Each structure stands twice: as structure tokens, then as C-alpha cells.
Amino acid sequence: RQIGYALETAQFRGDFDQIDRLLHTLRENRGHADPDAELVEALDTLLYLLHFFDLEEEVFARLYQTFDQAASSVYGAPLTLVARPPVDQQRRLCIGYLSGDWRDHVMGKMMREILRRHDRNRFEVYIYATDAREDAMTQEIKGYADHWVTLAGQDERLAAEAIAQDGLDVLIDCS
């Protein structure tokens, strides 16, 4: 986590020498803690931040592998997805959208038009709400979904399992 904060600070200050030293630390595989929740949280932030720096693919791959191993020990085994039949002309493509902002909010406003314009003969639309707040726009957006699922207040693992059971072809996280 400290490396992530230090990179952000060095980037803000334009301290390219410090950035080079910190990236060297990552290249040398130093600065890692035990694979636990703190490591997962730190790597989650760091891996996002590193997309703004010029870093070798091998270093990214190693950090992602470390994250994957730590995340498995923290969150458990990945979910098994429901197998869908191959996409063909006989069935609609199942698309899910996940957000906590299906209301009069910038995300709701942006997505409303996209959802409205889906060809309902070709796409089956699932909308997952991670926030229970609703308003008039929520009611409109609900009308563009084949399936509306409120996940607000659910345990993250149970919510992920519910989504996995829907057997989507594509899931888009709008948050």
C-alpha cells in the first residue's frame, strides 16, 4: 500500500527520480506483505495506479499473479459460472448491467439511453441494483430491463453467486 501512496505522491509532484526508484522496487519484487486482506486491498489500488506508468509486462503479470493468489485466500475459490449455450440466432444475448446509481444520477442518465435503445429481439437485459434508492428515473430504467435484481444490502459473495446463476454472456460494471 505504501508504494501506491508513494507513487501517487511522486506523480503529483512530478518527482520522476522517485517514480523510477519505486518502479525499480516493484521490478525487484520487494515490498510485498503476506497474502492477506491488506495485501489484496493494497494491490487492488496499486494495480489500477500502475496503468498510468510505463512498466514491463512481466512486472504487471507477477503483480497480478500475486493479487490472484492473495485474493483466492481472502475471498475463496472463484465462482463457477452457469454454462450458457453458444450464441446463435436462436437465443438472445444476455447482458447484465451492475450499478448503484439507477436513478437521477449521472450514471442513470448516461445508461438510460443505452438501455432504451437495446434491440430487445437480440438482447435479454439484466439490471442489478446495488443501492435500493429509487426515483422516477429508476422506474423508467426498470422498464428497459427484462430482469431487475436488487442486490442492495446483500453479502458480496451471495450477490456474486446470484449474478453467476443468471448465466450472463456479458456483465458490465457501471460503477
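Remember, it's a predicted structure, so these values are computed and weren't measured experimentally. Positions are given from 1, in the same order as the sequence printed here.
- Looking only at side-chain heavy atoms (C-beta outward), I114 and M110 stay at 4.5 Å or farther from each other.
- A donor and an acceptor atom, one from each side chain of Q18 and R21, are located under 3.5 Å apart.
- F53 CZ: more than 12 foreign heavy atoms inside a 6.0 Å radius.
- In the hydrophobic clustering of ILVMFWY residues, with side-chain heavy atoms under 4.5 Å counting as a link, L158 and L171 come out apart.
- Within the 4.5 Å cutoff, the side chain of M111 has heavy atoms near those of the C174 side chain.
- Qualifying side chain to side chain donor-acceptor pair (under 3.5 Å) partners for T130, counting only residues two or more places apart in sequence or in other chains: none.
- Ring pair Y126/Y128 is parallel by interplanar angle, where below 30° counts as parallel and above 60° as perpendicular.
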Could you please spell out the steps behind the side-chain contact (heavy atoms from CB on, under 4.5 Å) verdict for L63 and L43?
CA-CA 8 Å; L63 291 170; L43 282 174; 4.1 Å; yes
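- A salt bridge is absent between D155 and R157: the closest approach of a Lys/Arg side-chain nitrogen to an acidic carboxylate oxygen does not fall below 4.0 angstrom.
- Rounded to the nearest 0.5 angstrom, R92 CZ and D146 CG are separated by 4.5 Å.
- The side chain to side chain donor-acceptor pair (under 3.5 Å) test applied to D15 returns no partner, not counting sequence neighbours.
- Considering only residues two or more places apart in sequence or on other chains, A145 meets the side chain to side chain contact (heavy atoms under 4.5 Å, CB included) condition with I127.
- In this view, D68 satisfies the side chain to side chain donor-acceptor pair (under 3.5 Å) rule with no residue, not counting sequence neighbours.
- For R13, the side chain to side chain donor-acceptor pair (under 3.5 Å) test picks out no residue, with sequence neighbours left out.
- Side-chain contact check for D104 versus K109: some heavy-atom pair is nearer than 4.5 Å.
- With sequence neighbours left out, R116 forms a side chain to side chain contact (heavy atoms under 4.5 Å, CB included) with E113, Y144.
- Once rounded to the nearest 0.5 Å, the distance linking NE2 of H105 with OG1 of T138 reads 11.5 Å.
- One distance of note links CZ of R122 with CD1 of I95; it measures 9.0 Å at 0.5 Å rounding.
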Full working for side-chain contact (heavy atoms from CB on, under 4.5 Å) between I163 and L151:
CA-CA 9 Å; I163 293 170; L151 300 172; 3.7 Å; yes
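- By the 30° and 60° cut-offs, the orientation of the rings of Y97 relative to W102 is perpendicular.
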